Amino acid sequence: MIYSPRGVEDILPSKTPLYQWVEKQAERLFQLYGFEEIRTPIFEKTELFLRTVGQETDVGKQMYTFKDKRGRSLSLRPEATASIARAYLEHKLNSKRGEWRVYYMGPMFRYERPQAHRLREFRQIGVEVIGQESPWLDVEIIEMAFQLLRKLGIASFDLHLNYLGCQKCRKRYVEELKQYFSSKVQYLCSVCQQRYQTNLLRILDCKKAQCRQVTEKAPEIITYLCPDCQEKFSRLQEGLTFMKIPFILDHQLVRGLDYYTRTIFEITSTQLGAQDAICGGGRYDDLIEELGGPSTPAIGFSLGVERLLATLNNPDTERQMRVRPLLYIATVGEEAKKVGIHLVTLGRSLGMRASLNLYSKGLSWQLKSAHRAGASWVVMVGEDEIRRGEYILRDMYSGEQKQVTESELEGIMRDLGQERKVKS
RNA sequence: GUGGGCGUAGCUCAGUUGGUUAGAGCACUGGACUGUGGCUCCAGAUGUCGGGGGUUCGAAUCCCCUCGCUCACCCCA
């Protein structure tokens with residue numbers, strides 16, 4: 001017996017309607033905001049992610065990397081933004097004509113120790129807007145994320161917000177921070193001592209008590225923002241307040257990807273436990289340029305689908321997925337199966353969802369099976385019916401049944417098929 | 001990478017001073033109802049007790065190893 005690899009899971013038919021429902025809600029909403037779908041490859045050259053995500057970040061270290069037959073290093077995508085930025089440049093979609101708004105949904109891969117709401121293959125839904133620097137866009141994007149969460153019926157969540165500034169202010173800040181930490185390195189945990197060399201900002205959100213003591217009094221980036229960033233940050237807060245979007249300013253918030261600039265945010269569910277981040281995003285105004293393109297501002301976010309579903313307290317699959325009524329054809333004898341294949345095909349051609357029983361079982365078993373399948377009607381075909389040229393049609397809700405000729409049955413199936421079309 | 005918890009029927013789980021044939025509920029199969037579902041009743045089938053080794057007259061139970069799952073740290077969606 002071969003089992004699935006660690007950290008991945010099958011989404012069985014009992015669960016897929018929920019995924020479809022979430023995806024549909026997201027799609028509809030994003031389209032209202034002017035987004036179009038993009039589908040990028042599941043794997044890319046490893047180099048792309050190392051350049052964008054960052055080599056020293058956790059996400060960078062958690063990649064599924066492999067060599068192809070020519071020895072080229074490829075990696076399964078740990079996130080989508082890098083691919084989208086790459087595609088933007090590769091297809092020369094410059095921003096002169098305005099912003100480029102795209103959304104995506106699909107699996108991402110990170111090699112981590114699996115735990116509740118953290119898998120090695122997980123699905124994300126996200127958006128990116130490339131070519132717009134206005135902080136009002138940040139408001140629009142965050143507002144859209146809120147809309148989606150509300151639409152999905154996710155009740156309690158918090159928006160954590162921070163502002164990292166641009167290269168200029170960050171440079172001054174990092175210098176200041178380095179100076180501040182220089183005398184205190186010995187008080188930091190071993191990981192942070194490493195970070196002092198490679199990834200200074202990460203020290204800020206280290207959860208260890210010993211590091212907390214040091215970071216508590218560390219200078220905050222807010223006080224080092226350049227006039228332009230200050231202006232943008234206050235516009236952002238003004239906009240969020242104006243749109244009645246509550247947020248929590250969190251100066252310790254530093255995201256796990258190197259490319260972020262200015263606005264960063266994370267939405268956490270208050271009912272998930274340890275892995276509570278259901279949405280994360282922010283600006284990456286320098287990324288396109290770092291990839292060799294013109295200086296182009298951009299912003300995006302992504303949501304973890306599994307985590308979204310985990311916050312839905314009562315995922316009622318039946319209600320989410322309204323399925324068509326089912327016509328079940330029960331047969332007794334080989335000759336009846338032959339008639340059955342004809343009838344089931346006829347029904348389907350008239351727009352009915354129909355299924356044909358091929359097991360050589362008694363009627364009792366077949367009705368039970370029809371009931372289990374949720375059939376609304378059962379047509380019974382046996383030797384007597386074939387001889388008479390009339391089949392038995394049973395209404396599975398009332399239990400009433402009557403004899404119908406094939407042309408009568410055809411009429412009924414046409415009505416039922418039609419009726420459904422009008423409703424949907 | 002570091003810790004904790006757990007692996008008994010298809011599923012959820014009982015099963016302590018180690019003692020005959022390892023249990024329940026749900027699901028399943030058959031019957032009451034021999035060509036008519038849901039409800040009820042009756043009957044039945046089901047296990048390498050995760051795997052390997054050890055202790056013992058005897059191990060699901062105790063010890064060691066191993067695999068798997070799970071939760072947490074870390075980090076993130």
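All values reported here derive from a predicted model rather than from experimental measurement.
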A.B. asks: Please figure out whether Ile278(A) or Asp384(A) has its closest RNA chain B nucleotide nearer the 5' end.
C.D. replies: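 Closest to the 5' end, via its nearest nucleotide, is Asp384(A).
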A.B. asks: Quick check: any donor-acceptor pair below 3.5 Å linking the side-chain of Glu385(A) to the base of rG35(B)?
C.D. replies: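 Per atom types, the contact qualifies.
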A.B. asks: Tell me, please, whether Phe233(A) has Arg262(A) positioned over its six-membered ring: NZ or CZ under 6.0 Å from the ring centre and within 45 degrees of its axis?
C.D. replies: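 No, Arg262(A) does not lie over the aromatic ring of Phe233(A).
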A.B. asks: Using the ring of each side chain (for Trp, its six-membered ring), is Tyr224(A) parallel, tilted or perpendicular to Tyr173(A), with breaks at 30° and 60°?
C.D. replies: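 Rings of Tyr224(A) and Tyr173(A): tilted, as their planes differ by 30° to 60°.
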A.B. asks: For the backbone of Thr81(A) and the side chain of Glu79(A), can you confirm whether one donor and one acceptor N or O come within less than 3.5 Å of each other?
C.D. replies: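 It does hold such a pair.
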A.B. asks: Would you mind classifying the nucleic acid contact of Gly280(A) as base, sugar-phosphate or nothing, using non-hydrogen atoms under 4.0 angstrom?
C.D. replies: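 Sugar-phosphate, backbone atoms only, no base.
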A.B. asks: Report the nucleotide, chosen from rU36(B), rG38(B), rC73(B), that has the shortest atom-to-atom distance to any side-chain atom of Ala274(A).
C.D. replies: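 Looking only at heavy atoms from C-beta outward on Ala274(A), the closest nucleotide is rC73(B).
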A.B. asks: Kindly point out which of rU36(B), rG38(B), rC73(B) is positioned nearest to the side chain of Ile392(A)?
C.D. replies: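 For Ile392(A), the side-chain atoms sit closest to rU36(B).
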A.B. asks: Is there a side-chain polar atom (N or O) of Ser364(A) under 4.0 Å from OP1 or OP2 of rU36(B)?
C.D. replies: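 No.
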A.B. asks: Using only side-chain N and O atoms of Trp365(A), determine if any of them is under 4.0 Å from OP1 or OP2 of rU29(B).
C.D. replies: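 Affirmative; the distance criterion is met.
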A.B. asks: Give me the ring orientation class for Phe30(A) and Tyr103(A): parallel if the planes are under 30° apart, tilted from 30 to 60°, perpendicular past 60°.
C.D. replies: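 The rings of Phe30(A) and Tyr103(A) sit tilted, inter-plane angle from 30° to 60°.
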A.B. asks: Does Gly304(A) or Ala375(A) map to a spot on RNA chain B nearer the 5' end, using the closest nucleotide for each?
C.D. replies: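 Nearer the 5' end of the strand: Ala375(A).
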A.B. asks: Starting from P on rA72(B), measure out to CD on Glu112(A) and report it in whole angstrom.
C.D. replies: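 Rounded to the whole Å, the gap is 13 Å.
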A.B. asks: When rounded to the nearest Å, what value does the distance between C1' atoms of rC28(B) and rA24(B) take?
C.D. replies: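 Comparing C1' positions in rC28(B) and rA24(B) gives a spacing of 16 Å.
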A.B. asks: Does the structure show a Watson-Crick or G-U wobble partner for rA43(B), both distances under 3.5 Å? Name it, or say none.
C.D. replies: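 Looking at the geometry, rA43(B) pairs with rU29(B).
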A.B. asks: Taking atom P in both rU20(B) and rC49(B), what distance in whole Å separates the two?
C.D. replies: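 Going atom to atom, P in each nucleotide, I get 16 Å.
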A.B. asks: Please give the nucleotide sitting opposite rC73(B) as a Watson-Crick or G-U wobble pair, both distances under 3.5 Å, or none.
C.D. replies: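 The answer is rG1(B), by the H-bond criterion.
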A.B. asks: Regarding Gln401(A), tell me which of base, sugar-phosphate or nothing describes its non-hydrogen contacts under 4.0 Å with the strands shown.
C.D. replies: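 If one applies the 4.0 Å heavy-atom cut-off, Gln401(A) turns out to touch a base.
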A.B. asks: Which value, in whole Å, describes the distance between the C1' atoms of nucleotides rU17(B) and rA59(B)?
C.D. replies: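 Per the computed distance, 15 Å lies between those C1' atoms.
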A.B. asks: Just how far, in rounded Å, is C1' of rG37(B) from OH of Tyr397(A)?
C.D. replies: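 For the pair Tyr397(A) OH and rG37(B) C1', the rounded distance is 13 Å.
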A.B. asks: Side chain of Arg372(A), heavy atoms from C-beta onward: which of rA72(B), rU36(B), rC28(B) has the nearest atom to it?
C.D. replies: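 Out of rA72(B), rU36(B), rC28(B), the nucleotide with an atom closest to Arg372(A)'s side chain is rC28(B).
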A.B. asks: Students often get this wrong, so: under 4.0 angstrom with heavy atoms, is Arg113(A) touching a base, only sugar-phosphate, or nothing?
C.D. replies: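 Base contact - Arg113(A) has a heavy atom under 4.0 Å of at least one base atom.
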A.B. asks: When we call it a touch if two heavy atoms are under 4.0 Å apart, what does Ile125(A) touch: a base, just sugar-phosphate, or nothing?
C.D. replies: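 Nothing, no heavy atom under 4.0 Å.
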A.B. asks: So what does Glu79(A) touch, heavy atoms closer than 4.0 Å: a base, only the sugar-phosphate, or nothing?
C.D. replies: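 Here Glu79(A) touches no strand at all.
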A.B. asks: Could you check whether Met380(A) gets within reach of a base, just the sugar-phosphate, or nothing at all, counting any heavy atom under 4.0 Å?
C.D. replies: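 The answer is base, as Met380(A) lies within the cut-off (heavy atoms under 4.0 Å) of a base atom.
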A.B. asks: Tell me the interatomic distance from Ile264(A), atom CD1, to rC75(B), atom C1', rounded to whole angstroms.
C.D. replies: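 Interatomic distance, CD1 of Ile264(A) to C1' of rC75(B): 14 Å.
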A.B. asks: C1' atom, rU8(B) versus rC13(B): distance in rounded Å?
C.D. replies: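 Their C1' atoms lie roughly 9 Å apart.
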A.B. asks: Check if the side chain of Arg6(A) and the base of rC67(B) share a donor-acceptor pair of N or O atoms closer than 3.5 Å.
C.D. replies: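 Such a pair does not exist between side chain and base.
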A.B. asks: Assess whether atom NZ of Lys151(A) is packed by more than 12 heavy atoms of other residues, nucleotides or ligands within 6.0 Å.
C.D. replies: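 Counting other residues, nucleotides and ligands, NZ of Lys151(A) exceeds 12 neighbours.
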A.B. asks: Suppose we define a pair by two distances each less than 3.5 Å, Watson-Crick or G-U wobble; what does rC6(B) pair with here?
C.D. replies: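 Partner of rC6(B): rG68(B).
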A.B. asks: Could you check which nucleotide pairs with rG23(B) in any of the strands shown, counting Watson-Crick or G-U wobble with both distances under 3.5 Å?
C.D. replies: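 When the pairing criteria are applied, rC13(B) turns out to be the nucleotide that pairs with rG23(B).
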A.B. asks: Just the rounded figure in Å: distance from P of rU70(B) to CZ of Arg118(A).
C.D. replies: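 Value for this atom pair: 12 Å.
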A.B. asks: Quick one: label Leu119(A) by what it contacts on the DNA or RNA (base, sugar-phosphate, nothing), any heavy atom closer than 4.0 Å.
C.D. replies: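 Leu119(A): base contact, heavy atoms under 4.0 Å.
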A.B. asks: Side chain of Gln124(A), base of rC76(B): donor and acceptor closer than 3.5 Å?
C.D. replies: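 In this structure, the two groups form no donor-acceptor pair.
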A.B. asks: Whole Å only: how far is the CD1 atom of Ile386(A) from the P atom of rG35(B)?
C.D. replies: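 Rounded to the whole Å, the gap is 17 Å.
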A.B. asks: For rA22(B) versus rA60(B), give the span between their C1' atoms, rounded off to a whole number of Å.
C.D. replies: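 The answer is 8 Å between these two C1' atoms.
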A.B. asks: Against Tyr284(A), only a single residue in Tyr259(A), Phe301(A), Tyr88(A) fulfils ring pair (Phe, Tyr, Trp, His ring centres under 6.0 Å); can you say which?
C.D. replies: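 Going through the options one by one, the only one that passes is Tyr259(A).
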A.B. asks: Roughly how far apart, to the nearest Å, are rU61(B) and rC6(B) at atom P?
C.D. replies: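 One P to the other, the span is 14 Å.
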A.B. asks: If we take the C1' atom in both rG30(B) and rC71(B), what is their distance in whole Å?
C.D. replies: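 Their C1' atoms lie roughly 44 Å apart.
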A.B. asks: Tell me the interatomic distance from Arg394(A), atom CZ, to rG35(B), atom C1', rounded to whole angstroms.
C.D. replies: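 From Arg394(A) CZ to rG35(B) C1': 12 Å.
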A.B. asks: From OH of Tyr328(A) over to P of rG38(B), roughly how many Å is that when rounded to an integer?
C.D. replies: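 So the OH-P distance, Tyr328(A) to rG38(B), works out to 14 Å.
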A.B. asks: Nearest-Å distance, NZ (Lys368(A)) to P (rU29(B))?
C.D. replies: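 Interatomic distance, NZ of Lys368(A) to P of rU29(B): 6 Å.
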A.B. asks: Given rA72(B), is OP1 or OP2 found less than 4.0 Å from the side-chain N or O atoms of Gln115(A)?
C.D. replies: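 Gln115(A) to rA72(B) OP1/OP2: side-chain N or O found under 4.0 Å.
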A.B. asks: Do side-chain atoms of Arg307(A) reach the backbone of His117(A) as a donor and acceptor pair under 3.5 angstrom?
C.D. replies: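 Looks like yes, one N/O pair under 3.5 Å.
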A.B. asks: Would you confirm whether Glu306(A), through its side chain, and Arg123(A), through its main-chain N or O, come within 3.5 Å as a donor-acceptor pair?
C.D. replies: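 Yes; at least one donor-acceptor contact below 3.5 Å.
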A.B. asks: Could you tell me whether Gly273(A) contacts a base, only the sugar-phosphate backbone, or nothing, with contacts defined as non-hydrogen atoms closer than 4.0 Å?
C.D. replies: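 No contact at all - Gly273(A) keeps every heavy atom at 4.0 Å or more from the nucleic acid.
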A.B. asks: Determine the Euclidean distance between corresponding C1' atoms of rG53(B) and rC67(B); express it in Å to zero decimal places.
C.D. replies: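 Nearest-Å result for rC67(B) against rG53(B) at atom C1': 14 Å.
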